[in-house]
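Working notes for the structure below.
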Amino acid sequence: MPANILTINGREYHRPVRPTVAITIDGCQPDYLDDALARGLMPRLQAMLRNGGSYRRGRGHMPSLTNTNNLSIVTGAPPVVHGIPGNHYLAPSSEEVQLVDPSFLRAPTIYARMQRAGVRVLCITAKDKLRRLLADGDVPSISAELAHQLSLPAFDVDDVVQLVGRKNPGPYEWDLSHYALEIGLAVTRERGHLDLLYVSLTDFVQHKEPPGGTMADRFYRHLDELLGAYLDLGYVVGITADHGMHAKQNPDGSPRVHYLEDVLERAGIRDFHVVLPITDPYVVHHGALGSFAWVYLPDRYRERAREVLAALDGVEEVFFREESAVIYEHPIDRIGDLSVAADARTALGKSRAKHDLSLVASGLRSHGGRHEQIVPVIVSHPLAPRYAAWLDRGVQNSDLHDLLLNGIVASTSVRPGVESVPRSERRAEQNDR
Ligand SMILES: [Zn+2]
């Protein structure tokens, strides 16, 4: 294998030949971009798309949650490979724990392997909950949320806030995401380009406002300016989302939720444990209410529970563990006996008493199901014909690095003699970790 190609989790990637940034806009239902483009709020994105860039809708991974999809994007692999099927899961000890520790990872990230091969990488996340996962394999990483407490020794930066030139916003402020992008710009200006940079944003704004909202408009306008700054610095830019976002509300604006513990209880089912894999420390975003749940229960109740849950208005899928592992490409030992997914307008909870609905009093907007699997996939530079055709056929958010590192015309033309073939047409290589 030529030295400029690395095999990571069964896929081949060229080393970056131009500074490259992959951006995950958390919770970016494509409607936000379509609406902002239609109203002229994103002139830099518009110009980029006119000048050879591409924007298509693609698919994320199930459940449509942050940690699962961020890890799919940075490993280029489904959850069965990287081992993170939620933000949160039921550990073998029967305790519910956050999936934030790198010890949960079962595959190396593209960044870890690139870094080991001498590529200059950096991972930036708005929310600190992703930082340690992204840092796996000694990848320099930082969160905007804790920028005032963290440093970047790999780049000789003690004071990140000083480098950026303004105080970092809190997790419930509209521009924490922009701060994450500003860190990447500041490091580039002060320390030179990164070969490969990952920036993952946060979806506080998307949880709180639909496309066209005042804060949402402000968010996308400023995002566009920062996209422009990356393009002006000469970066190849890829953009996707971890998941979309929908209002899960009744016509009167109240949250539309099925409380699964209450439902199972009423059906005479006992000894169950409902786990909501959307659960994370940022409760103001969604009150732990999303469109996906796991149910753990004794075998004798499985059939009956499936029947009862599948009969709920708004529940679209109920799969047994073995089925979920195949259909969702999930690690079978980290999921429930049943996986339950709800439609675009329906959320799933534990019991009414266990959720503080005052947190979502302004309206519940959330994600987790199939309907939030649709995400934008955007590439700033012209793609080689086979990659453009692949993008047209439909890619996943976890294909973003393949498009960026293998598919861009400039990078293929300066690497003569290396055949550039989309993954779907390539023999899977053994992971050499
Ligand atoms: Zn998210």
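Order of appearance sets the numbers: ligands from 1, and atoms from 1 within every ligand. Nothing here was measured: the structure is a model prediction, and the numbers come from that model. What you see below is based on every heavy atom in this structure, not just the backbone, and it leaves out hydrogens, waters and symmetry mates.
Restricting Asp242 to its N/O/S atoms, the shortest distance to the Zn ion (ligand 1) is reached by OD2. Taking the Zn ion (ligand 1) as reference, the nearest N/O/S atom within Asp26 carries the name OD1.
Salt-bridge formation is not detected for the pair Glu173/Lys167: no Lys NZ or Arg NE/NH1/NH2 atom is positioned less than 4.0 Å from an Asp or Glu carboxylate oxygen.
Inclusion of Thr66 in the first shell of the Zn ion (ligand 1) is supported: an N, O or S atom falls under 2.8 Å. Among the atoms of His367, none of the N, O or S atoms falls under 2.8 Å from the Zn ion (ligand 1).
Because its NZ or CZ atom is not both nearer than 6.0 Å to the ring centre of Tyr235 and within 45° of the ring axis, Arg18 does not count as a cation-pi partner of that residue.
Aromatic ring pairs are classed by plane angle as parallel below 30°, tilted from 30° to 60° and perpendicular above 60°; the pair Trp174 and His178 is tilted.
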Donor-acceptor pairs under 3.5 Å, side chain of residues 220-228 to any protein atom, not counting sequence neighbours: which ones?
{"from": "Tyr220", "atom 1": "OH", "to": "Gln206", "atom 2": "NE2", "distance (Å)": "2.9"}
{"from": "His222", "atom 1": "ND1", "to": "Glu225", "atom 2": "OE1", "distance (Å)": "2.9"}
{"from": "Asp224", "atom 1": "OD1", "to": "Arg44", "atom 2": "N", "distance (Å)": "3.3"}
{"from": "Asp224", "atom 1": "OD1", "to": "Leu45", "atom 2": "N", "distance (Å)": "2.9"}
{"from": "Asp224", "atom 1": "OD2", "to": "Arg44", "atom 2": "N", "distance (Å)": "2.8"}

